[in-house]
Amino acid sequence: MKFGGTSMGSAERMRAAAEIISKETGKRPVCVVVSAMSKVTDLLLDTLRHAELGDRAAVDNNLRTLLERHIQACDELLSGSPSAVRLREPAGSAVRSLMAEFHRIANGMFMLSTCPPKSVDAAISIGERLSSVLLAHYLESAGIPAKSVNAAEVVVTDAVFGNASPQMGPTGEKCAQRLQPLLDEGVVPVVTGFNGATANGQPTTLGRGGSDFSAAILAASLDAGELWIWTDVDGIMSADPRLVENVAVLDELTYAEAAELAYNGAKVLHPRTLAPLVEKKIPVWSKNSFAPDKPGTRIVDRLSGPPGVRAVTSMSNVALISMEPANSIVSGTRLMARALDALALANVEILVFTSSSYRQVFCFLIRKQDVPVALEAIESNLSLELNHGYLKPVEVDENVGLLAVVGEGMRGTPGLAGRVFTAVSRERINIIAIAQGSSELTIGIIVRRAGLERAVRAVHDEYGLGIATAHEAVNVEA
Ligand code: ASP
Ligand code: MG
């Protein structure tokens, strides 16, 4: 079971998590993975930035806030019963010593006026280590044997600081040594999400929101029967509820569909989460810790029902970059290769890529935050072509948004894809670019930013993805 930031956000929420855990521990062994308390990772990062800039007052202020928040949760959790009160002191001192560790790293950054990714990784996993200590002590106090485990001891990764990838072989061995014995003894390991360490012990993190990924890595390594991901919403939805009124919670999705949704901007799962689970076909549940009795969404290898169109997602913080050779003598393919190479070296992710036409124009969509780095990379890699006029100046359009329709049912069903365009054009929204891979799982269309929300609603309606309205529900019953 993995508990996200809001599910760990306060003493009250940690109690609710413990309740959920205790219901299952009677039935089978449970391994727990936790996020930092909500907003804590942001605050830790903010502190490091202030340290780098030499702003002592801001650093101290943040440190105070962080300590108070965790000590308050600790005091609230460990009160009442004598067994709880007895654990308050050791839990409190564990919290203080973790905060002291963070303080030391921040001080180093303060003195050197620098914030190297390696040290950032060592520092920000403290958020998860704090929440894991709190939950483990609380479980103990409630009579559920538990142990806080730092994932740096079990999740082995490469050395890409800030966005590390797991090495599943060594991770599996460490899990067998470190976690399996606890599970066999009936102890609940409370493992930190988000972090790991290289084979020689340097701390790493898996990227923002990476606790979901941690949970999947551990589930696969431990051969778990199921993975339950606890969040603050009822499951994966047919669209973003902030954009569409009558969104439905999906009962079931395939791994491929869920991965496409995450990749295309749905916020429920970290995009890399599902990969470790696919091979072993470990089912995932996305559930709401605020309403644990609701069924949630099940993510599986094969659907029990018929395939269909599942959901519409959108992304608005994106930019479309277009490139075009100045004449037909220049090889468009070669320019594409060079541009892509430059982007890969600069670590810029391409969300959509399309190319067409005799003129060999090609365009790709990236995150807005990546635009400066992407332009610099392309312009330096293609400076000769640009300076000598073989390549037209690179165009950047930030006034766009991406809409994606996802569903296994799109594969091989003529007409299903076309309805996206019908719905969007009925709203008189112009489509700028289109992409569909040959997996036929997702159609991405790029539209003007101003039309994005309307387009999402129109497509959601067109496929009837929402919950039945009161009127339709009556008809069904009749
Ligand atoms: N605490 C980390 C973050 O905020 C990881 C996570 O919550 O998944 O990015
Ligand atoms: Mg999260």
Side-chain angles (χ1 to χ4, degrees), residues 1-10 13-14 17 31-49 62 65-66 69-70 73 95 98-99 101-102 105 115 117 119-135 148-152 154-155 157 160-166 190-197 203-219 227-233 236 258-259 261-263 265-277 284-290 317 349 367 369:
M1 290 188 184
K2 179 257 175 176
F3 293 88
T6 41
S7 303
M8 292 293 287
S10 63
R13 297 314 308 154
M14 287 191 208
C31 179
V32 171
V33 178
V34 294
S35 280
M37 295 177 80
S38 49
K39 308 262 159 49
V40 162
T41 310
D42 287 336
L43 197 54
L44 292 168
L45 280 167
D46 184 64
T47 311
L48 301 181
R49 272 190 293 269
N62 281 4
T65 308
L66 285 160
R69 174 126 182 246
H70 289 94
V95 165
L98 284 168
M99 282 305 302
E101 188 175 335
F102 179 75
I105 303 174
C115 198
S119 318
V120 171
D121 274 3
I124 57 173
S125 67
I126 301 266
E128 272 69 13
R129 290 167 68 193
L130 286 163
S131 62
S132 141
V133 159
L134 291 177
L135 182 60
S148 163
V149 177
N150 182 351
V154 286
V155 176
T157 72
V160 180
F161 298 99
N163 196 27
S165 297
V190 182
V191 188
T192 57
F194 188 39
N195 70 324
T204 54
T205 61
L206 305 169
R208 291 306 307 272
S211 295
D212 292 341
F213 193 26
S214 305
I217 295 164
L218 294 176
L227 169 59
W228 295 12
I229 295 189
W230 293 97
T231 66
D232 55 2
V233 290
I236 299 180
L261 287 177
Y263 184 81
K267 299 234 160 44
V268 254
L269 280 183
H270 184 274
R272 293 207 280 171
T273 303
L274 296 163
L277 305 167
V284 183
W285 287 93
S286 166
K287 281 162 133 345
N288 189 351
S289 76
F290 291 74
N317 279 320
E349 190 173 12
R367 295 190 177 83
Q369 76 206 45

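One is the number of the first residue; the rest follow in order along the sequence. Ligands are counted one by one from 1 in listed order, and the atoms in each one are counted from 1 as well. This is a predicted model, so every value here is computed, not measured.
- Applying the salt bridge (charged side-chain N to carboxylate O under 4.0 Å, His left out) test to Arg208 and every residue at least two apart in sequence or in another chain returns Asp42.
- Atoms of ligand 1 lying under 4.0 Å from any heavy atom of Ser35, numbered from 1 in the order shown and given with element: 6 (C), 7 (O), 8 (O).
- Listed for the Ser132 side chain is a donor-acceptor partner under 3.5 Å among the backbone atoms of Val190.
- Close approach of ligand 1 to Arg208 (heavy-atom distance below 4.0 Å) involves ligand atoms 3 (C), 4 (O), 9 (O).
- Under the side-chain contact (heavy atoms from CB on, under 4.5 Å) criterion, Asp232 pairs with Thr6, Phe290, not counting sequence neighbours.
- With a 4.0 Å cut-off on non-hydrogen atoms, His270 does not touch ligand 1 at all.
- Between the Asp212 side chain and the His270 main chain, a donor and an acceptor come within less than 3.5 Å of each other.
- Look at Gly193 and you'll find every heavy atom at least 4.0 Å from all atoms of ligand 1.
- Remark: ligand 1 atoms within the under-4.0 Å shell around heavy atoms of Thr41 are 1 (N), 2 (C), 3 (C), 4 (O).
- Side chain of Ser214 to main chain of Phe194: a donor-acceptor pair is present (N/O by atom type, distance under 3.5 Å, no hydrogens or angles).
- Residue-to-ligand polar distances place Gly209 within reach of ligand 1: an N/O pair is separated by less than 3.5 Å.
- Here the side chain of Thr192 pairs a donor or acceptor atom with the backbone of Ala151 at under 3.5 angstrom.
- Within the listing of ligand 1, atoms 1 (N), 2 (C), 5 (C) sit less than 4.0 angstrom from a heavy atom of Glu128.
- The shortest N or O to N or O distance between Lys2 and ligand 1 is not below 3.5 Å.
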